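What follows is one structure encoded as C-alpha cells, with my remarks underneath.
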Amino acid sequence: MFSIRKIAIAFALGTCVLADVFNPDPSIFPDWSKTKRFTPVEQTQMDRMGGYDVSPNKKHVVYTHSQWDLSQNKYKRGLRLVNLEDSSSVDLTAFEFGNSDSNPVWINDDIIAFTAVRGSPSTNIFAISVSSKAVTQVTNYTNGISSISYSTAAKKFAFISDVYQGMDMEQSSTERERRKGLPYHGVVYDQLRIRFWDTWNTDDKSRLFTMPADIVNGVLTKTGDPVNVLEKFSPQYFGLIPDSYDFSPDGKNIVFSSNIPSREQQWKSVGGIYVVPADGSVAPVRVNNGMDGDASSPVYSPDNKYIAWLQVFNPDNDNDIRKIILYDISNDTHRKVANSFMDSPTSLQFSADCTSLYAEVALQKDVTVLKINLSNDSMTRLTGDGYLTNWSEISNEQILVVLNSFQFPDTMFLVPADGSKKKTQVTHDNDSNLKDLWFSPTESYWFTGALNQSVQALVTYPYGFDSSKKFPVALIVHGGPHVSWYDAWSYRWNINMFANQGYIPVIINFHGGDAYTQPFSNSILMNWGTYPYEDIMKGFDYFLENAEFADKSTTVALGASYGGYMINWINGHTDRFKALVQHDGIFSTISMFYSTEIMAFSTVENGIPWIPEQRESSEKNSPEKFVKNWKTPTLVVHSEKDFRVPLTEGISCFSALQRLGVESRFLYFPDENHWVLQPYNSLQWHSEVLDWIGKHTNKTNWNLSSIPSK
Ligand SMILES: *[C@@H]1O[C@H](CO)[C@@H](O)[C@H](O)[C@H]1NC(C)=O
Ligand SMILES: *[C@@H]1O[C@H](CO)[C@@H](O)[C@H](O)[C@H]1NC(C)=O
Ligand SMILES: *[C@@H]1O[C@H](CO)[C@@H](O)[C@H](O)[C@H]1NC(C)=O
Ligand SMILES: *[C@@H]1O[C@H](CO)[C@@H](O)[C@H](O)[C@H]1NC(C)=O
Ligand SMILES: *[C@@H]1O[C@H](CO)[C@@H](O)[C@H](O)[C@H]1NC(C)=O
Ligand SMILES: *[C@@H]1O[C@H](CO)[C@@H](O)[C@H](O)[C@H]1NC(C)=O
Ligand SMILES: *[C@@H]1O[C@H](CO)[C@@H](O)[C@H](O)[C@H]1NC(C)=O
Ligand SMILES: *[C@@H]1O[C@H](CO)[C@@H](O)[C@H](O)[C@H]1NC(C)=O
Ligand SMILES: *[C@@H]1O[C@H](CO)[C@@H](O)[C@H](O)[C@H]1NC(C)=O
C-alpha cells in the first residue's frame with residue numbers, strides 16, 4: 001500500500017478491439033531449446049543500480065551498484081564510472097564484499113564525495129579523485145550521516161543525522177549508548193504516531209545539518225563543524241523532520257519539505273515547504289502557508305528566482321491529486337503549473353535554462369518524464385515504454401534516464417528532449433546474462449470494466465509458449481490500491497518470474513489505480529470491494545474467453561497488501577480459483593483502522609468505525625464479513641515488522657482458514673517488513689509461493705531444493 005504514485009487524465013483511454021495479445025506473432029518467441037528459464041536464483045543475484053550523480057561538465061556519471069552472492073550470502077558493492085560519450089565504464093572503487101560506498105556526489109570534475117564506513121566509527125563522508133583513484137576520509141563521526149549533497153557556491157555539505165533535542169551529533173551518539181545500557185526498556189508515548197513502516201519512533205530525530213568543506217591542496221577537507229540548521233528553533237521546531245531538500249543556487253538557503261508535527265498528524269497531513277539559511281542563523285520560513293495537504297519535492301530554479309514543489313490540497317487524503325506549484329520568490333506569489341492536468345507528478349527538476357520543468361508521472365502502464373514549457377504549460381513526453389526511476393538533464397537537447405521494464409532492471413539511457421523517445425543505452429551491467437533468459441514482451445489489452453469504463457490489463461507469455469498448447473493462468477493483484485501495475489522490473493513480484501514457471505500472468509489495472517486520472521483513483525474510496533472486484537472478474541473472463549492458449553479451468557490468484565485484501569475478498573465471493581496466495585493483506589477493515597500506522601489512509605479509504613454510517617460501509621467492504629464462504633486452498637504470508645498491515649491481519653486470516661477446515665499454510669518471516677527483502681528469505685518466499693500454486697495446478701515449479709546445498 002500506498003506508494004505515492006498518482007493519476008493522469010490527458011491521455012485517451014484505449015479501445016476494446018481484440019489486440020494481438022490473443023494471437024501472438026510466433027516470431028516473438030525464441031528457440032526454447034537455446035533459452036534458459038529466469039528463476040529466483042538469477043533474480044536475487046542481479047547487479048543492482050543505486051543512486052547516481054552526473055559530473056558538472058556532463059561527461060561522466062557515477063553510480064552505486066550492488067550484487068548479492070548466493071554462495072557467500074553477502075553483498076558486493078562499489079562505485080562505477082561511465083563515460084557518457086562512448087558508454088565505456090570502469091569500477092571506480094573495488095566491487096567487493098564489505099564495501100559500503102554509496103551516495104556519490106561530484107565536488108568538481110575530478111573529485112567525488114561519497115558516504116561509506118571504511119573502518120570509521122559510523123557512516124562518514126569520503127572522497128575519491130577520478131584521475132588518481134586516491135581515497136581520502138573527510139569526516140570521522142560516531143553519529144552516522146546520510147543523504148549528502150554539496151553546494152559549490154556555499155562550499156558546504158548538507159546531510160541528515162539523527163540527534164536528540166538539545167544535543168549535537170557526538171552527544172547524541174553517547175546518549176544513544178547510555179540508553180542502550182539501561183536495565184529497563186519501556187518506551188513512553190503521549191501521542192501518535194508511535195511507529196512508522198518497520199521502525200518504532202524514538203526520541204532522536206532526523207535533522208538537517210550543513211558542514212563547510214572545500215578543496216584544500218587538491219584534497220576535499222572539512223573546514224568547519226556541522227550546524228543543525230533547525231536546532232535554534234527548538235522546542236517548537238524540534239519535530240520537523242526534513243524528507244527532501246535542495247540548496248539555493250547561490251548556496252545561501254536550503255528549501256526542504258517536512259510534515260508539520262501536531263497531535264493530529266496521524267490522520268491529517270499538512271506538509272510544510274520551508275526555507276532556512278544554510279548557516280541556520282534565522283528561523284525557517286514556510287512558503288506554502290494556507291496550502292493544507294501533503295507537500296513534496298521542493299526544488300530551486302537555477303536562476304534563484306523560483307521554487308517549485310508538489311502540493312496536495314486535501315489534508316484528509318495524501319493520495320489526492322498533486323499540483324505543481326511555482327513560487328515566485330521576488331513577490332511571494334504562487335502559480336499552479338498545468339492546472340488542468342489530471343495526473344500527479346512524483347518529482348520535479350528545472351531545466352538549466354529555467355524555461356522548463358521536468359516532471360516524473362505515471363501514465364497508464366508507464367512512468368515517464370514530461371518536459372513542461374513554463375511559458376505556455378505545454379508538455380512533451382520524453383520516454384516511451386517502461387518505468388522511469390530517475391533522470392538528469394545533460395543539455396537542452398538530451399536527458400539521462402534510469403529506466404526499467406518487465407524485460408530489464410534499472411539501466412541508464414540517453415534520450416532526446418524532442419519527444420521522439422529514441423533511447424541510447426549507456427550502462428550494460430546485465431546485458432550478457434539477460435540475453436540467454438526468457439523475458440516475455442509486455443502485452444496489454446483493454447476491456448469494459450466497472451462503470452462502463454475502459455480498463456487496461458497487462459499480460460506476459462509463459463516460457464515454452466506454443467499456441468497449440470494450454471497454459472495455467474495466474475491472476476496477480478497489485479497493492480496500493482492507489483498505484484497501478486506498471487511495465488516495471490521488480491525484485492519482489494517479478495511478472496516474468498511467473499511466466500518462466502509456465503504460467504500466464506494476467507494483471508488488471510482496476511479502478512483505484514493512480515495512472516488513469518484522479519477520478520479513476522478516487523472512485524473506490526469507501527468502496528474497496530466493488531469496482532476493483534468487478535474489473536478483475538470482467539477483465540479475467542475477457543482474457544479467458546479470448547486467449548485460446550489459456551487453460552480456463554486451471555487458474556490461481558495472488559496478491560500482496562491491497563492485493564492481499566482482494567485475495568481475501570475473492571475467497572469470500574468466488575470459488576473459481578484452484579489456489580490463492582495472500583501476502584500482507586487486510587483481513588478486517590475495522591481492525592486495520594485501529595492498528596495501522598497510517599490512520600489517515602484507513603480513514604479516507606474505509607471510514608471511521610465509531611461513526612455508524614461509516615462503520616456500515618467499512619463492514620460492507622471488509623473481507624472478514626464473508627469468511628463463512630471461504631473454500632479455496634490459501635497460502636498466507638505475513639512478517640513480524642509489517643507495521644503497515646500488522647501481522648495480526650495475517651494471523652486472523654490463517655485462523656479463519658484453519659477453523660473452517662480450508663486447506664491452508666502460513667509462511668511467517670520474523671525479520672521482514674511489509675516487503676520480503678533479504679535474498680535468502682526471498683528465495684524461500686518464491687519456493688513456498690511457487691510450490692503452493694504448483695501443487696494446485698499439477699506443476700513442479702522451481703523450489704529451494706534446486707539450490708546446491710552449501
Ligand atoms: C534522483 O535524482 C535526484 C536529482 O538528481 C536526486 O536528488 C535523487 O537522490 C536521485 N535518486 C536516486 C535514487 O538516485
Ligand atoms: C576516527 O575516530 C576513531 C574514534 O572514534 C579513532 O579511533 C580513529 O583514529 C579516527 N580516525 C581518523 C581518520 O581520524
Ligand atoms: C510577481 O512577479 C512576476 C515577475 O517576476 C510577475 O510576472 C507576476 O505578475 C508578479 N505577481 C504579482 C501578484 O505581482
Ligand atoms: C515554449 O513556449 C513558448 C510560447 O509558445 C515558445 O515561444 C517557446 O519556443 C517554447 N519553448 C520550447 C523549448 O519549445
Ligand atoms: C506552446 O508553445 C509551443 C512552442 O511554441 C507550441 O508548439 C505549442 O502548441 C504551445 N502549446 C500551447 C498549449 O499553447
Ligand atoms: C548481472 O550483471 C552482473 C555483472 O556483470 C553479472 O555478474 C550477473 O550475473 C548478471 N546477472 C544477470 C541475471 O544478468
Ligand atoms: C453501462 O452501459 C449499459 C449499456 O449501454 C447501460 O445499460 C448501463 O446502465 C450502463 N451502466 C452505467 C453504470 O453507466
Ligand atoms: C491434478 O491431478 C489430479 C490427479 O491426477 C487430479 O485429480 C486433479 O484434478 C488435477 N488438478 C488440476 C488442477 O489439474
Ligand atoms: C523441488 O524441485 C525438485 C526439482 O528441482 C523436484 O524434484 C521436487 O519434487 C520439488 N519439490 C516440490 C515440493 O515440488
Side-chain angles (χ1 to χ4, degrees), residues 6-13 54 58 84 153 246-255 272-275 277 285-292 295 297-311 313 321-345 347-364 366 368-384 388 390-401 413-424 517-518:
K6 294 277 176 146
I7 320 320
I9 206 186
F11 298 79
L13 293 181
V54 178
K58 312 289 183 192
L84 288 175
D246 192 28
F247 268 109
S248 64
D250 61 8
K252 290 189 178 137
N253 296 302
I254 296 182
V255 63
I273 301 291
Y274 289 94
V275 174
V285 175
R286 187 174 166 201
V287 296
N288 69 336
N289 283 305
M291 299 183 187
D292 285 352
S297 195
V299 282
Y300 270 99
S301 64
D303 60 9
N304 218 1
K305 290 186 175 155
Y306 299 95
I307 299 171
W309 67 86
L310 297 169
Q311 180 74 49
F313 286 88
I321 193 159
R322 281 188 295 277
K323 292 294 179 187
I324 301 170
I325 305 296
L326 190 65
Y327 171 69
D328 188 326
I329 297 169
S330 69
N331 56 12
D332 192 27
T333 56
H334 302 88
R335 155 167 114 77
K336 286 181 192 158
V337 175
N339 193 26
S340 59
F341 191 49
M342 287 303 287
D343 297 295
S344 289
S347 62
L348 299 173
Q349 289 176 31
F350 275 94
S351 63
D353 66 8
C354 303
T355 64
S356 308
L357 263 178
Y358 296 95
E360 178 187 339
V361 62
L363 297 176
Q364 298 181 359
D366 303 309
T368 185
V369 59
L370 303 176
K371 189 170 184 178
I372 307 173
N373 182 337
L374 287 172
S375 14
N376 71 356
D377 287 4
S378 65
M379 297 178 170
T380 309
R381 176 176 171 163
L382 302 189
T383 59
L388 178 104
N390 216 333
W391 78 98
S392 299
E393 187 181 65
I394 299 298
S395 70
N396 209 14
E397 283 82 45
Q398 198 177 45
I399 64 165
L400 177 76
V401 296
F413 300 88
L414 287 167
V415 294
D418 61 8
S420 66
K421 307 188 186 82
K422 270 185 251 141
K423 44 186 213 292
T424 309
T517 77
Q518 190 69 37

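In listed order, ligands and their atoms are each counted from 1. All figures in this text were calculated on a predicted structure; none of them were measured in a lab.
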Q) Which residues satisfy the side-chain contact (heavy atoms from CB on, under 4.5 Å) test with Asp303, sequence neighbours excluded? A) Ser301, Lys305, Tyr306, Cys354
Q | Proximal ligand 3 atoms for Thr333, defined as those under 4.0 Å from one of its heavy atoms | A | 1 (C), 11 (N), 12 (C), 13 (C)
Q | Asn331-ligand 3 polar pair, N/O distance under 3.5 Å | A | yes
Q: Assess the side chains of Tyr274 and Asn288: does a donor N or O sit below 3.5 Å from an acceptor N or O?
A: no
Q.
As a quick check of understanding, evaluate side chain to side chain contact (heavy atoms under 4.5 Å, CB included) for Leu382 and Tyr358, giving each step before the final call.
A. CA-CA 10 Å; Leu382 302 189; Tyr358 296 95; 3.9 Å; yes
Q: Sort out for me which residue in Ile325, Val299, Leu348 forms a side-chain contact (heavy atoms from CB on, under 4.5 Å) with Leu310.
A: Leu348
Q. Got the residues with a heavy atom under 4.0 Å of ligand 4, by chain and number?
A. Asn373, Ser375, Asn376
Q: For Phe413 and Thr383, run side chain to side chain contact (heavy atoms under 4.5 Å, CB included): C-alpha distance rounded to whole Å, both residues' side-chain angles, the deciding distance at 0.1 Å, then the answer.
A: CA-CA 10 Å; Phe413 300 88; Thr383 59; over 6 Å; no
Q) Aromatic rings Trp309 and His334: how do their planes relate, parallel, tilted or perpendicular, breaks at 30° and 60°? A) perpendicular
Q. Pick one: which of Lys336, Lys371, Arg335 meets salt bridge (charged side-chain N to carboxylate O under 4.0 Å, His left out) with Asp377?
A. Arg335
